[in-house]
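Atoms considered below: every heavy atom in the structure, side chains included; atoms not considered: hydrogens, waters and symmetry mates. Bear in mind that the values here come from a model prediction, so they are computed numbers and not experimental data.
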Amino acid sequence: MKGASKRKHRRRGRRHTFLRRSPFLVFYWQGKQLCFENYLTRKKIAASIETAALLDFFPDWDHEEAAFRRWPEYTAESLRNAIRRLVQESFLQRSALLNPPQDPSEKALHKWKAWNPTASFFHMQTKDSYTPEISREEIRWAKELLQAQRAPAPAKNYPTARTIVLPQESYSGEFPRVLQARRTWRKFGREPISKEAVARLLYLSFGVQGWLRVPEGGRFAQKTSPSGGALHPAEAYLLVQNVRGIPRGVYHYDAVGHRLQEIRRGATPAEIQKLLAGQWWFRDSAFVVFLTAVFRRTQWKYDYPRAYRAVLAEAGHLCQTFCLTATWLNLAPFCTMAFADTRIEQTLRLDGISESVLYAMGAGTKPAKK
């Protein structure tokens with residue numbers, strides 16, 4: 001038995017630990033400080049140029065002991081400490097296997113291909129920027145900012161330029177009325193919105209209106225808002241809490257079949273407030289729409305990172321269409337970019353990489369006039 005125990009111990013001693021540099025790293029100087037960021041895990045550290053050399057040494061899986069041979073001038077303990085910290089902060093990956101299974105998040109971000117690292121760095125590093133609740137300090141800061149300095153001018157002017165005076169008119173009709181009546185509402189009535197009104201709003205904002213067939217084969221969806229290459233990466237999800245004929249819950253809007261697909265039952269004002277980063281003034285809205293993007297649709301044709309801008313612009317097109325349509329329906333719409341990205345994506349059961357939330361909007365009935 002003693003001999004068997006020794007043999008087991010010797011086998012354990014021969015086990016190797018393998019290291020690899022995390023695949024989604026960038027580094028830059030911020031002032032005099034060298035900074036490293038893993039934009040998949042959103043971890044950031046300040047370190048020395050020697051850290052860059054250590055990370056560069058492990059482009060693929062290799063024995064940890066190889067670092068000891070590469071830098072004999074350092075003690076094994078100091079190198080182990082450096083490696084341990086880089087592993088803890090997700091800049092190095094450690095495995096007992098030479099080729100371990102790929103992490104699902106890494107696999108999803110690798111599919112961004114030529115959009116890496118430019119677009120994916122911006123996408124990942126700007127998520128979850130807001131605190132869960134709005135603090136008194138934030139409110140005080142906003143008030144003090146307004147008192148300390150004027151807001152920037154909302155329009156640019158060239159005072160010395162030659163000008164052409166344009167005719168001013170009084171516009172009438174349904175279309176100008178809707179444009180001029182659009183507002184972001186922060187108070188809502190207690191009356192529920194009808195299912196029919198929600199159906200009209202969703203169809204005219206996000207629904208497929210028709211199909212464009214091309215001679216080369218295939219068809220492309222036509223909607224009321226433009227999309228780069230007619231690829232329409234956007235999807236709409238609803239959190240419903242006060243709509244007559246639709247149970248409280250979370251739904252996906254099928255833009256082709258014009259129907260709601262249930263993800264889960266239940267919704268509360270507290271959940272809306274939490275998902276919208278503590279903005280209590282939206283908690284009593286009848287429903288919220290979370291607009292997401294399925295990035296592979298745009299990446300299929302546009303294999304360069306600038307196309308990420310087109311996806312963001314499309315979210316803006318769709319939101320304005322939504323708000324104008326809601327105004328036309330005599331509802332009280334709102335929109336916001338302040339929300340809890342990861343919490344929403346967990347609610348919608350999305351990975352946040354291949355499909356991610358970009359915008360939030362919603363509506364309620366108008367409050368009673370006092």
In the structure I gave you, are the side-chain heavy atoms of Leu238 and Val198 within less than 4.5 Å of one another anywhere?
yes
Flag the pair Trp112 / Phe295 as yes when their ring centroid distance falls below 6.0 Å, and as no otherwise.
yes
Pair Thr321-Thr224, side-chain donor/acceptor within less than 3.5 Å:
no
Compute the centroid of each ring, for Trp185 and then for Phe282, and state whether the two points are separated by less than 6.0 Å.
no
Assess, by modelled atom type and distance only, whether the side chains of Asn81 and Ser78 contain a donor and an acceptor separated by less than 3.5 Å.
no
With side chains defined as the heavy atoms from C-beta onward, is the minimum distance between Trp280 and Glu133 less than 4.5 Å?
no
Any chance the side chains of Glu271 and Gln241 put a donor and an acceptor closer than 3.5 Å?
no
Around Arg42, counting heavy atoms of other residues, nucleotides and ligands shown, do more than 12 lie under 6.0 Å from its CZ?
yes
Give a yes-or-no answer on whether the side chains of Thr292 and Glu355 include a donor-acceptor pair shorter than 3.5 Å.
yes
Are any side-chain N or O atoms of Gln279 and backbone N or O atoms of Ala338, one a donor and one an acceptor, separated by less than 3.5 Å?
yes
May I ask you to check whether Lys44 and Gln30 show a side-chain donor-acceptor distance below 3.5 Å?
yes
About how many Å separate CZ of Phe334 and CZ of Phe322, when rounded to the nearest 0.5 Å?
7.5 Å
Please report the interatomic distance NZ(Lys111) to CH2(Trp115), rounded to the nearest 0.5 Å.
15.0 Å
Between the CG atom in Leu291 and the CD atom in Glu235, the distance rounded to the nearest 0.5 Å is 9.0 Å
Heavy-atom count around Lys107 NZ within 6.0 Å, excluding the residue itself: above 12?
no
Give every residue pair that meets the salt bridge (Lys or Arg N to Asp or Glu O under 4.0 Å) criterion with at least one member in residues 16-27, sequence neighbours excluded.
Arg20-Glu106
Using a distance-only test with no angle check, is there a side-chain donor-acceptor pair under 3.5 angstrom linking Gln261 and Tyr253?
no
Matching residue for Glu262 among Arg259, Arg265, Arg264 - test: salt bridge (Lys or Arg N to Asp or Glu O under 4.0 Å):
Arg265
